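The structure presented is a predicted model; accordingly, all values stated were derived computationally and were not measured. One-based numbering, in listed order, for ligands and for the atoms of each.
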Amino acid sequence: MTANSKDDSNLSLSTDYRPLELEKEVREFWEKSQIRDQLEQREKDAKGVLGYVEGPPTLNGIPHIGHARGRVMKDIRYRWKTMQGYYVPFWAGWDCQGLPVELEVEKLLGVKNKRELLERVGEERFIEECKKVILKYHKLWVEADRLLGIFINQKKAYWTYLDTYIEREWQYLKHAWDQNLLEEGHYVVAYCPGCQTSLSSAEVGYEGSYKDVEDPSLYFKFKKAGTPNEFFLVWTTMPFTIITDTMLAVKPDAEYVKVKVDNEQWIMVKQRVEAVMQELGITKYTVTETTQGKNLEGTKYDYPLKDIIPAQTELETRHALVHTVIGEDFVDVNTATGVVHLSPGNGEEDFWAAQKRGVPVFAPYDDEVKFTREAGVFNGVFARDADYLVVEELRNRNAFVAVKKVTHEYPTCWRSHHKLVWLARKEYFLRTDKINSKVLEAAEKIEYYFDEPKNRFIAFLKEGKPWCISRERVWGTPLPMWTCQKCGAKRLIASKKELTENALEQVPENFELHKPWVDRVTLKCPKCGGVMHREDYVLDTWHNSGASPYARFTDPEYAKFVPTDFLTEGIDQTRGWANSLLLEHVILTGKPEAPYHAFLFQGLTQDAKGRKMSKSLGNILETSKLLGKYSADLCRFYMMRKCSPIDFMNFDLQELNRRPYQVLSTLYHLSRFFLQNAEFDKFNPAKFTLERATQKKQLKDADRWLLSKLQGKMEEYTAKLERSEFNFAVAILEDFVIDTLSRLYVPMIRKELWTDDPETFERRQTIYAVLHYTLKTVTLLSNPVTPYLSEALYRKIYKKLNSTLPASINLEPWPVPDSSMRDKNIEEEFDILFTSVSLAYAARQQAKLKRRWPLSKIIVVAPKKTNQALKNQEPLFLEMVNVKTAEYAPQVPEYVGGENWVSASEGNMYVFVSGQRDDKLLGEGLMRDLARRVQALRKDLGFVPTDVLDAVHIAELDEDSKRLLEPFLEEIAELVRTKKVYLHDSRNEVDAEWHESKLDGKRVYLNIH
Ligand SMILES: [Zn+2]
Ligand SMILES: [Zn+2]
């Protein structure tokens, strides 16, 4: 043990709980002694393996307190399960690619959009910059983990951008391709004009992506073909889509009417007439004809902008249904006019309505969502900028009715906050809609701990939309699809080896599986011998991280660790990682199975006022900065204790030093109190064990009560952790430390430790055995939550008292309850005891009788069982209520009553206390008041509790008080651990430093030495 000898010199507990110093010391110990590495070695001796895959944080920003909260939950699980004897591959992982990183780099490079990026920077340099950025943030994350005490293995981290990872990610696509689940096609996707890439449907629904935006609210009319004055009345908030208009739709089973306004007949749904006319400010109108929606199907209308968009005329020649009314059940007749215009190039439902009828899709857009030449006069105009141009053109052609501005919720890009545009584009899709039943079956088998996030996740999965995985970006896993330029044949490549072996040209040495290098590799078409080029896409970054269960492990590891035991991430990951993990795993295995058995969705963390933390509000609490000033243990305790893990948490720095500090400080001081006394009595835990005390029948009822309580709490605590109810678990610890130990048990035994009488030596050793076992157990149970304090107490107390213990608390086994120590009867008796004591206190308070003042009699009126319990505990009862005698009765005795008695009651228990005090009781009360002041003075002057004083001088008590006190001078001397107590009429009698004190409003002077 020579290696540890230097640490041992540090093994003392400072007078105060100073968490920052203590944590620094513990951190150094962990690092120097490589405790984390030692845990990694224990796989072979483990009682089982619990798989784990780290949900990789994206390396595009500084870790903040919201991240910290989730990481603490992971760490709790790791430390606790490890102590239980399991092996958990708690290895780090980093999300390195994708749009979030690209945007961060674009910002650093001062590039506004993708075109500028490619022209000014170029792909090669851009990728180098991306790598630099992730390394920069990686350092910050590792440091934050270190300070927070996260025991994740940083050395075994996975990086999603490495070739080895990407190759294994490709395996998922290979499985999809083989099962016909990977398809290329035109689909309507949400597209961000800012990021210039499509988004998955999951991304569209992200928290906070719906924003209130202002749009035009336009009523317009399309003339029914062949009529002079009949029009379909239509409403839209996206006038630009009129450029790509292809059909109108009505609801077949709804009633439609013609409304006569001036000289025109407007066709719309009947139930909306009144509301729409009111909105348009039209008071003079009459409803003329009524018909079913289905009777309108097949009606042609005159598309009004043909003269400025020639392609629209050409469109009519391609399909008979172009510019015709069709019937669709999705038409909503509760809003607008019940007639909707369809732009298959700009809407998902519109697209499907066109697809199933074979109607062509008109989508004249470039990558920046500007109209192309096909859009006629709108060529070069950005889609959303065309809105008011379209309104003007309608106005010129008698197709305009009214326009206003409307503020409504509209999806924006979760990254760049541009308004999204729905566009038909050529993309690659995972047809996850085809495997939806398997996905749902797998999802039902997962443990979510709480219903609310579960329901949310399942509801999202039920949407079951195809997953658009292609992204028109640069820094990502390349889509490994090569297409023949001649015959269109496709080939999916699943490894680097396969690629290099089939390449037409020599692959350069610095070749890596990224753009632009991978784009330069061409293949020979196996069908026609033509040249195959890679499809110019990278993968959705969620596909990248969702591949981690297979991609981050080797084959044997994957077999051992997947499905994983427990994962936890933020509630926003319902649509993110939790989703992509599940979908990909079902594709990979072909089975209705998730890659995780349990998933805890955490609530997000907000600032003290409940606002989202954001750069613009400047309210982000960076983990490392915060932990430079505040204790990691306090933060951990606070975050776990404050609310349920699924709740949104308002993080308030002011609260850290209140209750959390009180609890940890109490545990610290109780432990120190134990150690000081135990060392004074040379307590040897190996000799004075609980077993010995039990055998020798040295345990008193208070000890047995405490030990029994502890068994129950141990069980409850572990069960709460198992249920991920961290807040309730921590509350159990808190309650045990503050109430059971500090407020109830220690006062019951404190006096027994005051004497160093050899006769009570055995009894003191028994108390040490009880405290040793109890405090050590509490320290072990606290370790997952407050690992620094727990390690410090472990080493400075338990390891110090017994050098054969393991070097670190993390190498200790998890405490298990011992049923032989459980005694429900004694717990019940003590519950009764504490209730009656608090009733006695309440009664005293009414007559302002201090607890320290002894009283002559207490009467308990209660059922037999209650009275018997108190009789069993009578010595303790009398001591706690500070009364000389007790009487137990089934009903109130006749002599009780009048002003000498005070009482209090709860349920069927009544307590009466006699307030009458004779000289003896008055003297004893006075003695106790004075003793308390002397004790406080001892502490202020820095005396250790075990020190014995030479003398205590008390001066200037009044005559009556002196008379009352005289008989108690010996007793007070013993109480305050002093050789002798002197009373003086005046301070002048002794030349000493006097300390003024107040006793019931009168001055009294004390001197001790
Ligand atoms: Zn964007
Ligand atoms: Zn070919």
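Computed with the Zn ion (ligand 1) at the centre, the Cys195 SG to Cys413 SG angle is 120°, stated to 10 degrees.
A donor-acceptor pair shorter than 3.5 Å cannot be found between the side chains of Glu183 and Tyr428. Gln97 and Thr541 share no donor-acceptor pair across their side chains, judged by distance under 3.5 Å alone. Judged by distance alone, the side chains of Asn544 and Thr160 do bring a donor and an acceptor atom under 3.5 Å apart. Donor-acceptor pairing under 3.5 Å is lacking for the side chains of His408 and Asp212.
Ion pairing between a basic and an acidic side chain is recognised when a charged N comes within 4.0 Å of a carboxylate O; Arg125 and Glu128 show no such pairing.
Ser548 places a side-chain N or O within 3.5 Å of a backbone atom of Ser545 that can act as its donor or acceptor partner.
Look at Cys192 and the Zn ion (ligand 1): an N/O/S atom of the residue is under 2.8 Å from the metal. Residue contacts to the Zn ion (ligand 1): Ser416 brings an N, O or S atom closer than 2.8 Å.
Distances shorter than 2.8 Å separate the Zn ion (ligand 2) from the protein N/O/S atoms Cys484 SG, Cys487 SG, Cys525 SG, Cys528 SG.
Ring geometry, His543 versus Trp467: the interplanar angle falls from 30° to 60°, so the pair is classed tilted.
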